[in-house]
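Reading through the structure tokens given below for one structure.
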Amino acid sequence: MNCLSLANVTSPGYWGRDSFARSVKVFHLPLSSTNSGQQESRPEALSYEKTASLANEVGSVVRREVMEGRGFAILAQPWTIGFQVETLVARTVALASMMGRLVGQDRGGSTVVHVADSGRKMEQGARYHETNASGSLHTDGPQLERPPDLILLSCFRQAEEGGDSLLASAVAFHHYLQVTRPDLLAALHESFHFDRRGFGAGENESTLERPVFRCSSTGVGIQYLHEYILDGHRKANIPLTSQQQESLSSLRMWLLREENIIRFRLHPGQTLVINNRRVCHGRTSFRDGNSPETLRHMLRAWVQV
Ligand SMILES: O=C(O)CCC(=O)C(=O)O
Ligand SMILES: [Fe+2]
């Protein structure tokens with residue numbers, strides 16, 4: 001473990017619910033809404049000048065806040081009720097391309113995934129992004145050889161009720177365990193079997209072995225999705241040791257405690273950018289209304305920097 005000195009309370013990536021004086025800061029992108037109040041037929045094309053100044057702004061916010069700072073940022077663009085979802089897809093792709101390379105989120109290579117309640121439940125085989133469940137805080141793509149560095153979550157519409165975004169700092173958890181239970185921290189630095197859900201090429205490749213924590217010269221790194229680890233060990237037919245179980249449940253419990261979590265609700269046109277190496281994310285459960293304007297609809301993109 002070469003990360004111990006990096007995972008400490010002076011790191012900007014160390015925070016909890018009460019760390020930020022005001023509610024989470026929003027960065028307003030230098031764009032104007034050209035067709036406010038009108039129904040829109042096509043996404044607004046960005047001029048070369050606009051694209052260049054936007055890329056500068058986005059690059060500096062992502063470097064300062066997401067890569068080297070607290071590990072997340074909210075970018076906001078002017079939004080009008082009549083905007084279509086295709087506009088947000090195009091803008092999310094444009095923003096993602098300013099940060100790095102978009103990566104596929106399934107075997108088919110989809111780069112923008114719609115996160116909305118399909119009415120199906122996870123018990124019926126639906127994936128998390130197709131349900132209205134809260135799920136537990138996690139990182140995305142821990143079953144990939146190279147998980148995405150960044151996640152973009154763009155809000156197209158809010159739910160009638162719930163659907164708040166939740167974030168927790170893995171740097172803070174790492175420090176907490178280092179101080180209270182270094183033995184459990186050491187266990188999380190050892191390998192686990194992750195279910196390769198959605199990406200496995202066959203029976204032999206149905207799990208991927210990797211530690212939950214892997215740190216480097218850039219600091220703490222986490223890959224964690226509780227259910228994928230439980231399923232991975234089941235598939236590999238290798239039971240978790242009691243120390244592994246205890247270490248995973250300490251992480252799970254810590255991610256449930258309110259004081260470790262910041263929470264906010266994204267507004268239409270806002271894009272949450274998350275450092276997927278150091279910040280766990282999730283959401284509260286939500287309930288859609290009866291009218292189309294009250295159906296929660298988010299877009300998710302994965303980026304390698
Ligand atoms: O719905 C959200 O806000 C988050 C969804 C999510 O974490 C995911 O689809 O991986
Ligand atoms: Fe996620």
Side-chain angles (χ1 to χ4, degrees), residues 24 26 66 71-76 85 88-89 92 95-96 102-106 108 110-122 125-144 146-170 194-199 212 221-229 231 251-252 255-256 261-289 294-304:
V24 175
V26 173
V66 185
F72 65 92
I74 299 173
L75 306 179
V85 72
L88 194 60
V89 171
T92 301
L95 287 176
L102 275 157
V103 289
Q105 302 185 42
D106 51 32
S110 324
T111 49
V112 176
V113 162
H114 294 262
V115 180
D117 184 16
S118 65
R120 294 199 318 135
K121 303 283 167 214
M122 286 208 269
R127 290 180 64 182
Y128 179 54
H129 66 261
E130 302 167 326
T131 75
N132 65 352
S134 57
S136 45
L137 272 75
H138 60 277
T139 63
D140 277 5
Q143 75 276 44
L144 298 180
R146 183 161 176 211
D149 296 320
L150 301 176
I151 303 165
L152 276 73
L153 280 169
S154 293
C155 176
F156 179 61
R157 261 188 330 242
Q158 297 175 328
E160 181 150 288
E161 213 179 280
D164 291 354
S165 297
L166 306 175
L167 300 176
S169 158
F194 286 75
D195 181 14
R196 295 215 56 174
R197 204 173 303 207
F199 288 93
V212 169
I222 187 169
Q223 297 303 329
Y224 169 71
L225 206 156
H226 206 86
E227 290 72 20
Y228 287 13
I229 297 176
D231 284 354
L251 175 50
R252 190 181 174 85
L255 290 172
L256 285 172
I261 294 172
I262 56 167
R263 152 195 305 239
F264 48 88
R265 193 167 296 180
L266 291 172
H267 294 274
Q270 292 186 339
T271 298
L272 171 63
V273 187
I274 305 168
N275 183 329
N276 194 43
R277 304 287 179 166
R278 316 201 245 108
V279 175
C280 295
H281 68 276
R283 65 168 182 231
T284 60
S285 61
F286 63 90
R287 186 176 61 76
D288 286 338
T294 54
L295 306 177
R296 188 177 191 268
H297 190 159
M298 313 281 286
L299 304 174
R300 186 182 73 184
W302 289 352
V303 171
Q304 300 294 14

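Note that the structure is a prediction, hence the values are computed from the model and not measured. Ligands are counted one by one from 1 in listed order, and the atoms in each one are counted from 1 as well. Any value given below was found using the heavy atoms of this structure, including those in side chains, with hydrogens, waters and symmetry copies removed.
Nearest protein heavy-atom contact of atom 3 (O) of ligand 1 is Arg296 NH2, 2.9 Å. Looking from atom 10 (O) of ligand 1 to the surrounding protein, the closest heavy atom is Arg300 NH1, 2.8 Å. Protein heavy atom at the shortest distance from atom 6 (C) of ligand 1 is Tyr128 CE2, 3.4 Å. Of all protein heavy atoms, the one lying nearest to atom 4 (C) of ligand 1 is Leu153 CD1, 3.9 Å.
Contacts with ligand 1 closer than 4.0 Å are made by side-chain heavy atoms of Asp140 only, the backbone lying farther away. Contacts of Arg265 with ligand 1, taken as heavy-atom pairs under 4.0 Å, are absent altogether.
Residues that satisfy the side chain to side chain contact (heavy atoms under 4.5 Å, CB included) test with Val212, not counting sequence neighbours, are Leu188, Phe192, Phe194, Ile222, Tyr224, Ile229, Leu248, Leu251.
The existence of a salt bridge linking Arg296 and Asp288 is excluded, since no basic side-chain nitrogen approaches an acidic carboxylate oxygen closer than 4.0 Å.
Taking the six-membered ring where tryptophan is involved, the planes of Phe264 and Phe72 are essentially parallel, since the angle between them stays under 30° and well short of 60°.
When every heavy atom of Gly163 is checked against every heavy atom of Thr284, the shortest pair comes out as N-OG1, 3.1 Å. What you find for Asn276 and His281 is that their closest heavy atoms are OD1-CE1, 4.4 Å. Scanning all heavy atoms of the two residues, the minimum distance from Asp195 to Gln143 falls at O-CB, 3.0 Å. For the pair Gly71 and Val279, the tightest heavy-atom approach, listed with the atom from each and the gap, is O-CG2, 3.6 Å. The nearest pair of heavy atoms linking Gly282 to Leu137 is N-CG, 4.0 Å.
Between Ser165 and ligand 1, a contact under 3.5 Å exists for no N or O pair. On a distance-only criterion, Arg283 and ligand 1 share at least one N/O pair closer than 3.5 Å.
Distances below 4.0 Å separate heavy atoms of His129 from the following atoms of ligand 1: 9 (O). Close approach to His138 involves these atoms of ligand 1, each under 4.0 Å from a residue heavy atom: 7 (O), 10 (O).
Distance CD1/Ile274 to CG/Leu153: 5.0 Å, rounded to 0.5 Å.
Note that Arg283 lies in the cation-pi zone of Tyr128, set by a 6.0 Å cut-off to the ring centre and a 45° limit from the axis.
Excluding waters, the set of protein N, O or S atoms lying under 2.8 Å from the Fe ion (ligand 2) comprises His138 NE2, Asp140 OD1, His281 NE2.
Looking only at distances, a side-chain donor or acceptor of Ser118 sits under 3.5 Å from a matching main-chain atom of Glu130.
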